[in-house]
Amino acid sequence: MKMENEKIYGQTTICARATAPGQGAVAIVRISGPEAVEVLDKVFRPFNDKGPRAAEFRPREMHYGRIIFPESPGHSTDNAETVIDEVMAVTFRAPHSYTGEDSAEIYCHGSQYIVSEILRALLAAGAVMAAAGEFTKRAFLNGRMDLAQAEAVADLIASENRAAHDIALKQMRGGYSSELQEMRSQMVDIVSLMELELDFSEEDVEFADRSQVLALLDRVSEHILRLVDSFALGNAIKNGIPTAIVGAVNTGKSTLLNALLGEERAIVSDIAGTTRDTIEDTINIAGTTFRFIDTAGIRDTAETIEAIGINRTYSTIERASVILLMLDATRPGTFGESFGAIASRLNHVPSTHSGISERTLLILLNKADLLSEPEIPAMLTSADDLARRKGLSPTRTIAISARNRLGLPEITAALAATAAAHTADTSATLITNLRHYQALQKALEALTRAREALLAGVSTEFVTQDIREALHHIGEICGEVTSEEVLGTVFSRFCIGK
């Protein structure tokens, strides 16, 4: 299949804007394909007569010149001399380019009009517009990177915090792929020996020591299980650590969200039950993205819409890695009910569900500005003790005033410490891609079946079939086994110029 795709791609030369749309000082237009240099040569003119044409460029050497419309039946000679822009241009010769093909780049002024005119000139010179992700797709098809590395390129572009950037960069450089390839290599060696036995089934020979096969299955399964378990943490780092703001009605949850964001994101009202649904937004703290979720206030209600919102609050609590439990300092009698509602939702959900060994619970005593100075320490201690009696383990209990923005530095400091706990493991390989997670789960299931069959003394052909299935699912991740549908889904996530 790969050879067929390479043949199809080898027949076209594509072009696209490689920088973000909009006005800027500089924009980049990228060209790739068998006629990339020839297409550039048709539209590029050196700034003076002594300068080289594009076809004469030394690879990776930048040249100054002008972009004009190419001479063609559709353009008059006068139009062909119309200068679009003064630019810098560079060529890359296969296989030493991003795509593995002959490529070129034009660095022009960042006007949208200029970029569109340069693209129009390139199309007139014989190029076609690139599809989303087509440059990276060609890099994959030409063997410049595997599919996991290609997906890491998209993740690197989309990374919004240091941890997500580090994970994507490591995967793009092939660290994750190397792990998978090592596992596949060991499994291929063993399964090849086992399949060889089938050719000599009548002679009852054993080329693969069953104890070694069992040890390999255990070793690979343990490795895959660790990768599968890392998905919750990797996904949290990539998309933001889910942080739920919860509590009874009118405790100041929406006010806190607005204060943290620095804008009026949520409606604030003295009317109980104003927030009926979850409201989400993200903040970068200490290089880590936190996805804050403002929830409906917890209380007994017969109002249908509000009840749906409260059920979503409970669901959010179960999925959150960090919980900010808001208490109203002027209503200490409601503390016990709030603690009980939270505890009942956390006790039956495994802590690893959130991707870390423990959830972080911060108790925020809001409206502390309405208390006298001596009352605050005593109420903080009382709230902390009551929470622990209810079976909760708060990391910190902080006195705040969301309306007056008091205590916000203490909250962000506590979250920064939490971020360190979440990102402490980023040196290890973390799974951030749902497609990879699902493929690894299926591989693990196949290896489990193979192990059980081996211990039960099932025929070798059935054991090897399960191992082959595991190899298939691992191969899907790196692109050893692909389909046009999978490739289409993967590269549709990319921007046009990448």
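Residue numbers run from 1 in the order of the sequence given. Everything numeric here is computed off the predicted structure, so don't read it as measured data.
- Here the closest non-hydrogen pair linking Asp41 and Ala54 is OD1-N, 3.1 Å.
- Sparse packing is recorded around OH of Tyr113, with 12 or fewer heavy atoms of other residues, nucleotides or ligands lying under 6.0 Å away.
- To the nearest 0.5 Å, atoms OG (Ser32) and CG (Asn142) are separated by 8.0 Å.
- No donor-acceptor pair under 3.5 Å is formed between the side chain of Thr99 and the backbone N or O of Ala139.
- Met172 approaches Ala152 most closely through the heavy-atom pair N-CB, 3.5 Å.
- Within the 4.5 Å cutoff, the side chain of Phe69 has no heavy atoms near those of the Val43 side chain.
- Considering only heavy atoms from C-beta on, Ile28 stays 4.5 Å or farther from Met88 through its side chain.
- In plain terms, the two heavy atoms of Leu40 and Ala89 that are nearest each other are CD2-CB, 4.2 Å.
- Between Glu179 and Arg226 a salt bridge is recorded (basic side-chain N to carboxylate O distance below 4.0 Å).
- Between the side chains of Gln186 and Arg219, at least one donor N or O lies within less than 3.5 Å of an accepting N or O.
- When atom types are taken as modelled, the side chain of Arg53 and the backbone of Ala55 share no donor-acceptor pair closer than 3.5 angstrom.
- When atom types are taken as modelled, the side chain of Asp146 and the backbone of Ala148 share a donor-acceptor pair closer than 3.5 angstrom.
- Arg451 has a carboxylate O that lies under 4.0 Å from a charged side-chain N of Asp218, or vice versa, which qualifies the two as a salt bridge.
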### Task
Given side-chain contact (heavy atoms from CB on, under 4.5 Å), test Ile31 with Ser103 step by step and report yes or no.
CA-CA 5 Å; Ile31 315 165; Ser103 300; over 6 Å; no
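- Considering only heavy atoms from C-beta on, Gln181 comes within 4.5 Å of Cys478 through its side chain.
- Atom CD of Glu410 sits about 8.5 Å away from atom CG of Leu408, to the nearest 0.5 Å.
- Between atom CD1 of residue Ile474 and atom NE2 of residue His436 there is a gap of 12.5 Å, rounded to the nearest 0.5 Å.
- With hydrogens and angles disregarded, no donor-acceptor distance shorter than 3.5 Å links the side chain of Glu151 to the backbone of Arg435.
- Formation of a donor-acceptor pair under 3.5 Å by the Ser185 side chain with backbone atoms of Glu182 is not found in this model.
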### Criterion side-chain contact (heavy atoms from CB on, under 4.5 Å) on Ile68 and Thr82, from CA distance to verdict
CA-CA 6 Å; Ile68 64 170; Thr82 301; over 6 Å; no
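- For the pair Ala27 and Arg17, the tightest heavy-atom approach, listed with the atom from each and the gap, is CB-NH2, 3.8 Å.
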### side-chain contact (heavy atoms from CB on, under 4.5 Å) assessment of Met187 paired with Leu447
CA-CA 10 Å; Met187 291 166 63; Leu447 289 176; 3.8 Å; yes
### Task
Check the pair Leu260 / Asn258 against side-chain contact (heavy atoms from CB on, under 4.5 Å), numbers first and verdict last.
CA-CA 6 Å; Leu260 289 168; Asn258 291 340; over 6 Å; no
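- Separating the CD1 atom in Ile431 from the OH atom in Tyr176 is a distance of 3.5 Å, to the nearest 0.5 Å.
- Between Thr136 and Met145, some side-chain heavy-atom pair lies under the 4.5 Å cut-off.
- Under the 3.5 Å distance criterion, the side-chain polar atoms of Thr464 are matched with a main-chain donor or acceptor of Glu461.
- A pairwise comparison of heavy atoms in Leu444 and Ser221 identifies CD1-O, 3.6 Å as the closest pair.
- Between Arg45 and Val83 there is no side-chain heavy-atom pair separated by less than 4.5 Å.
- Looking at heavy atoms from C-beta onward, Leu256 lies in side-chain contact with Ile411 at the 4.5 angstrom threshold.
- Within 6.0 Å of the NE2 atom in His109, the count of heavy atoms belonging to other residues, nucleotides or ligands does not exceed 12.
- Counting only distance, with no hydrogens or angles, the side chain of Arg144 and the backbone of Pro95 share a donor-acceptor pair below 3.5 Å.
- Only one option out of Leu261, Val322, Ile241, Ile245 pairs with Phe292 in a side chain to side chain contact (heavy atoms under 4.5 Å, CB included); it is Ile245.
- Side chains of Ser177 and Gln149: a donor-acceptor N/O pair is absent below 3.5 angstrom, by distance only.
- Considering all non-hydrogen atoms of both residues, Phe140 and Gly479 come closest at CZ-O, 3.9 Å.
- Side-chain contact between Glu445 and Glu469: absent, with no pair of heavy atoms (C-beta onward) separated by less than 4.5 Å.
- At most 12 non-hydrogen atoms from other residues, nucleotides or ligands lie less than 6.0 angstrom from CD of Gln23.
- Atoms OG1 and CE, from Thr12 and Met129 in turn, are 13.0 Å apart once rounded to the nearest 0.5 Å.
- With sequence neighbours excluded, the residues that form a ring-ring contact (aromatic ring centres under 6.0 Å, His included) with His63 are Phe57.
- Remark: side-chain polar atoms of Arg138 are not paired, donor with acceptor, to backbone N or O of Glu101 under 3.5 angstrom.
- Comment: Glu476 does not engage Lys442 in a salt bridge, judged by the lack of any side-chain N to carboxylate O separation of less than 4.0 angstrom.
- Note that Arg30 lies in the cation-pi zone of Tyr98, set by a 6.0 Å cut-off to the ring centre and a 45° limit from the axis.
- Taken to the nearest 0.5 Å, the CD atom of Glu134 stands 9.5 Å off from the CG atom of Leu141.
- Contact annotation: the side chain of Cys15 approaches that of Leu123 to within less than 4.5 Å [non-hydrogen atoms, C-beta and beyond].
- Ser97 contributes no side-chain N or O that, together with a main-chain N or O of Ala94, makes up a donor-acceptor pair within less than 3.5 Å.
- Heavy-atom contacts from other residues, nucleotides or ligands closer than 6.0 Å to CD of Glu61 number more than 12.
- By the ring-ring contact (aromatic ring centres under 6.0 Å, His included) test, Tyr107 is found to be paired with no residue, residues two or more places apart in sequence or in another chain being considered.
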